[in-house]
Every structure is written in structure tokens, then in C-alpha cells.
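In what follows, a structure is listed as C-alpha cells, so that the remarks can point back to it.
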Number of protein chains: 2
Amino acid sequence: MCRVSLIPIRPGGQGGPRNSAQPAADTERRDAARNRELLLRAARGLIEECGAAGLTMAALAQRAGVGKGTVFRRFGSRAGLMMTLLSDAEAAFQGRFMFGPPPLGPGAEPLERLIAFGVERIAWVLEFGELARAAEESPYNRFDVPAAVLWRRHLEMLLREAGVTADPWLMAASLSATLEPERLLHAVEAHNLAPERLAGSWRDLVTRVVRGA
Amino acid sequence: MCRVSLIPIRPGGQGGPRNSAQPAADTERRDAARNRELLLRAARGLIEECGAAGLTMAALAQRAGVGKGTVFRRFGSRAGLMMTLLSDAEAAFQGRFMFGPPPLGPGAEPLERLIAFGVERIAWVLEFGELARAAEESPYNRFDVPAAVLWRRHLEMLLREAGVTADPWLMAASLSATLEPERLLHAVEAHNLAPERLAGSWRDLVTRVVRGA
DNA sequence: AATATAAACGGACCGCAGTCCGTTTATAAC
DNA sequence: GTTATAAACGGACTGCGGTCCGTTTATATT
């Protein structure tokens with residue numbers, strides 16, 4: 001005796017939400033654009049006051065002066081909103097590891113790039129962690145969000161370049177598990193772990209993985 | 001303008017819930033014991049019919065013929081209920097890696113034990129994964145649940161025995177991240193990954209970590 | 001300017017986890 | 001048997017994420 005309650009793959013009803021930070025293509029109604037700006041501004045303000053964990057969708061709607069339905073139409077879900085708020089920082093990080101200067105960007109040895117990736121990622125999480133954690137509260141996915149897929153592919157590529165031939169896809173998945181925001185934040189917040197220690201452990205782990213052929 | 005909403009460390013109000021499967025000490029009122037049995041029986045039935053994800057606390061209360069408050073008094077939270085339901089399987093697994101026969105239990109080489117630990121854990125997660133996933137939906141902790149602490153300590157000990165001297169505590173944390181139910185289940189369910197491939201990758205990872213001094 | 005229409009809007013509504021607090025009851029003491 | 005009391009009980013209530021659907025409106029077309 002249980003309602004079947006099938007899994008909502010795409011929470012936004014029929015039309016997928018436009019959850020991007022940029023104006024999202026040419027055709028967009030003025031009111032929609034204005035409301036998105038209003039909502040993003042209100043969200044940032046609310047987070048500044050209450051923290052990301054303290055933001056509720058109803059409060060956001062009220063502060064922005066729009067209906068709750070509009071909030072969900074824009075962002076699809078709370079996690080979608082958080083991802084939108086993160087998208088600039090995320091894109092900047094992506095740019096750095098794909099096109100930036102070594103050792104993070106191309107030009108350095110694969111192992112050095114792997115080390116730099118983790119170290120920078122740890123710093124990134126410690127800066128934007130509260131948002132990142134909130135963005136991962138999506139009921140499903142979270143592993144198949146575009147950004148996460150991209151990191152894993154990047155790690156996989158570096159592993160291959162470094163000569164790790166045994167199932168680099170899964171190895172990249174394991175390594176990225178180590179870098180998940182929730183884990184890192186928990187270590188720092190609950191155990192008072194120094195960020196440098198996290199970075200050191202990452203260096204050690206990835207070095208062993210590459211060298212231990 | 002936001003309600004401060006402080007973090008509920010222990011959800012059960014003043015007195016902690018008795019969320020153990022066994023009768024939990026000598027002094028327990030008859031009605032409480034009877035209701036716990038009723039609730040556990042009802043929970044198992046409900047999960048059989050609807051899956052762990054489909055179990056709601058209200059439905060459980062109704063099926064057991066008790067009030068909703070009683071359910072939360074017993075188990076503290078939904079995650080607490082799931083942990084209680086898992087506790088037998090969990091204890092059995094703990095017994096095997098602590099006192100059982102090699103290569104999982106004592107007697108084998110540390111690296112062999114590490115490999116066996118991951119392989120058995122993967123099999124365990126694939127068997128009880130739905131429950132385990134539901135048990136990890138606790139808003140905070142999840143890393144500091146007794147069972148999780150115990151695995152990490154076990155991994156840490158094996159790493160030390162295997163000669164891994166560089167921050168074995170964090171290394172154990174990284175390794176256990178690889179084995180988290182949500183990750184493993186996602187790989188198997190969403191990417192149709194063969195369990196043997198997971199096991200193979202674990203073997204490879206842990207071998208590299210130990211050998212790559 | 002009038003009209004058509006697809007898009008956006010808004011807020012009542014739903015289901016669920018978790019809480020509160022007045023009521024009931026098992027147990028022990030006498 | 002009576003009484004005291006701590007424990008357990010139950011269900012109305014709250015807050016939140018998310019949905020539905022009737023209403024409004026921006027924009028294109030004529």
C-alpha cells in the first residue's frame with residue numbers, strides 16, 4: 001500500500017528551467033530577465049545574511065518580490081539555484097585548469113598537474129564550500145552534473161598521460177571522491193583539520209597512484 | 001531577516017532515542033519493547049513493498065498502529081531507523097573483518113586484507129545498498145557515525161601495518177570515500193558498471209597506495 | 001490599435017520530516 | 001489496592017521543497 005512515487009528526473013515539470021547566470025540566448029522576455037536579476041541579487045543578499053544553509057525558497061521569493069512558482073521556474077530546484085550562483089566561480093576554475101598557466105594548466109608534467117589540481121580544488125572548496133555543499137543536495141545525479149563530469153574527465157586524462165593505464169575512468173572517480181566538498185568541509189569544520197594537511201595528503205595519494213605501477 | 005535555525009545535533013529533543021535493534025539494556029517498559037518490535041516488523045514489510053526510498057515515517061506509524069511521535073522517539077530520525085535496520089548486517093560485517101578468517105580477518109598480509117576489505121565492502125553495499133543510502137541521508141554527521149569511524153580506523157591500522165606512514169588517518173578517509181554506498185550504487189545503477197570492475201579498481205588503487213612509497 | 005498566443009507569473013496546495021505538548025500508562029513503593 | 005511518577009504515547013502542528021493550474025503579460029502579427 002504505497003503510492004508509487006516515481007523518480008522526478010527533471011524536476012521542472014514540462015519545460016526545463018533556464019538555470020544559467022548569463023542572459024541565456026537572445027529570446028527572453030524582459031520580465032523574465034528582470035526577475036532573474038532580482039532573484040540572484042536577493043539570493044546573494046540572503047546568503048550573506050543567513051548563510052547558504054539558511055536560505056529558503058519562500059524567503060527568496062518574498063525578498064525578490066516574485067511568486068514562489070517563479071523561483072522554481074527559473075532554477076528548477078534549490079540545488080539548481082545554488083549551482084547557478086556558483087557558475088561563475090566554477091567556470092573560472094575550469095578555465096584555469098584547462099587553459100591557465102602551469103602547473104595547473106597545460107605545460108607541466110601530468111603528476112604536477114594532478115597535484116596542483118587537488119591543491120587548488122581544496123582551496124576552492126574551502127572558499128565556496130557552503131554553496132557547493134548546498135548545490136550537491138540534489139536527490140539524484142550530483143555525480144553526473146556537467147561540472148563533475150568535466151573534472152573526472154580531466155583527472156582521467158591526466159592519469160592516462162601519467163601512464164596509469166588500469167581503468168583510469170574509475171580511478172578518476174575514486175580520486176574525485178576524495179575531493180568532494182562535503183568531505184573536505186567536514187574534515188576542516190568538525191575535526192579542525194588544517195587545509196595544508198588536506199593538500200599534503202592529496203599530494204601523497206596521487207603521487208602513490210601514479211608511481212605505484 | 002532570517003530565523004537563526006540552529007543545527008540540531010541530536011534530533012530527539014532532550015533524551016536521546018534508543019535506536020538499537022537489541023532490547024537495549026534491562027530497564028525498558030513493556031509497551032516500548034512491543035512497539036519497537038511492531039515498528040521494525042512494519043518497516044521491513046513496508047520496505048519489501050515500496051523499497052527503502054518509498055518508506056515514509058507516517059506510513060510506518062500507521063502500519064505499526066502507533067503514533068508518529070512514537071516512531072521518532074524510538075529512532076530519532078529516518079536515518080536512525082535505517083541504521084537500526086542495518087545494524088545486524090553491519091555488525092556481521094564488522095565481525096568478519098575484525099575477527100573472521102583471512103584474508104579479510106587477521107592472519108593475512110596487510111595489503112591482502114586491504115584488498116579483501118574493499119572487495120567485501122563492495123559486495124555488502126550492493127546487497128544492502130538501498131538501506132545504506134537511506135541511512136546516510138542524515139543532514140550532518142554521516143562521517144562520524146560509529147560504523148564509519150570504525151571502518152576508517154580499521155583501514156588506518158592496515159595502512160600503518162602495510163608501512164604507509166604518511167598521514168594514514170587522512171589516507172584512510174580518502175579510501176573510504178571511494179567505498180561510499182552512494183558512489184558505488186550510482187556507478188552500478190546509472191552506468192551499468194559490473195561489480196567486478198569496481199573490485200578490480202579498488203585492488204589497483206589500494207595496491208598503488210601501499211606500494212608507491 | 002486590435003488580436004493572438006506562447007511564455008511567464010503567483011500563490012494555494014501537497015507530501016514529508018521532524019517537533020510539541022497535553023494525555024495515558026507501566027511500574028514501583030507503600 | 002492506592003498512589004506517585006517517570007516514561008511513553010499520539011496526533012495536531014510547523015517549516016520546507018516542490019507542483020499545479022488558472023491568470024496575466026510581453027511580443028509578434030495584422
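In what follows, every chain begins at residue 1, and chains take the letters A, B, ... in the order their sequences are listed. What you are looking at is a predicted structure, and each value in this text was computed from that prediction instead of being measured.
Comment: A:Arg74 engages A:Glu28 in a salt bridge, judged by a side-chain N to carboxylate O separation of less than 4.0 angstrom. Salt-bridge formation is not detected for the pair B:Asp31/B:Arg36: no Lys NZ or Arg NE/NH1/NH2 atom is positioned less than 4.0 Å from an Asp or Glu carboxylate oxygen. With respect to the salt-bridge test (charged N to carboxylate O, under 4.0 angstrom), the residues A:Arg203 and B:Asp167 do not qualify.
Closest to the side chain of A:Ser77, out of C:dC9, D:dG18, C:dA17, is D:dG18.
Dashed line: the shortest gap from a side-chain N or O of A:Asn35 to OP1 or OP2 of C:dC9 is under 4.0 Å. For B:Arg74 and D:dC9, the shortest distance from a side-chain N or O to OP1 or OP2 is below 4.0 Å. The shortest distance between the side-chain N/O atoms of A:Thr70 and the OP1/OP2 oxygens of C:dA8 is not below 4.0 Å.
The interatomic distance linking A:Met57 (CE) with C:dC13 (C1') rounds to 17 Å, in whole Å. When rounded to the nearest whole Å, the span between CG of A:Leu60 and P of D:dG17 equals 10 Å. In this structure, CG of A:Leu38 is placed 16 Å from P of C:dA8, rounded to the nearest angstrom. Between B:Leu55 atom CG and C:dG15 atom C1' the separation is 14 Å, expressed in whole Å. Taking atom CZ of B:Arg73 as the reference point, atom C1' of C:dA26 lies 13 Å away to the nearest angstrom. Between the CD atom of B:Gln62 and the P atom of D:dC9 there is a distance of 18 Å, rounded to whole Å.
Each of A:Lys68 and B:Ala79 was assigned the nucleotide of DNA chain C with the nearest heavy atom; the assignment lying further toward the 5' end belongs to A:Lys68.
The side-chain hydrogen bond (donor to acceptor under 3.5 Å, both in side chains) test applied to B:Arg153 returns no partner, not counting sequence neighbours. The ring pair (Phe, Tyr, Trp, His ring centres under 6.0 Å) test applied to B:Trp169 returns A:His191, not counting sequence neighbours.
Identified under the salt bridge (charged side-chain N to carboxylate O under 4.0 Å, His left out) test for residues 51-61 of chain B, with sequence neighbours left out: none.
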Name the pairs: protein N/O against N/O of nucleotides 28-30 of chain C, kept only if under 3.5 Å.
none

Under 4.0 Å protein heavy-atom contact, by nucleotide of nucleotides 23-30 of chain D - B base, S sugar-phosphate only: --BSS---
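Relative orientation of the A:Phe117 and A:Phe97 rings is perpendicular, given thresholds of 30° and 60° on the angle between their planes.
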Atom pairs and distances, side-chain donor-acceptor, residues 120-131 of chain A, under 3.5 Å, sequence neighbours left out:
residue	atom	partner	partner atom	Å
A:Glu120	OE1	A:Arg96	NH2	2.5
A:Trp124	NE1	A:Ala89	O	3.4
A:Glu130	OE2	A:Ala52	N	3.2

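Side chain of B:Trp202 to backbone of B:Leu114: a donor-acceptor contact under 3.5 angstrom is found.
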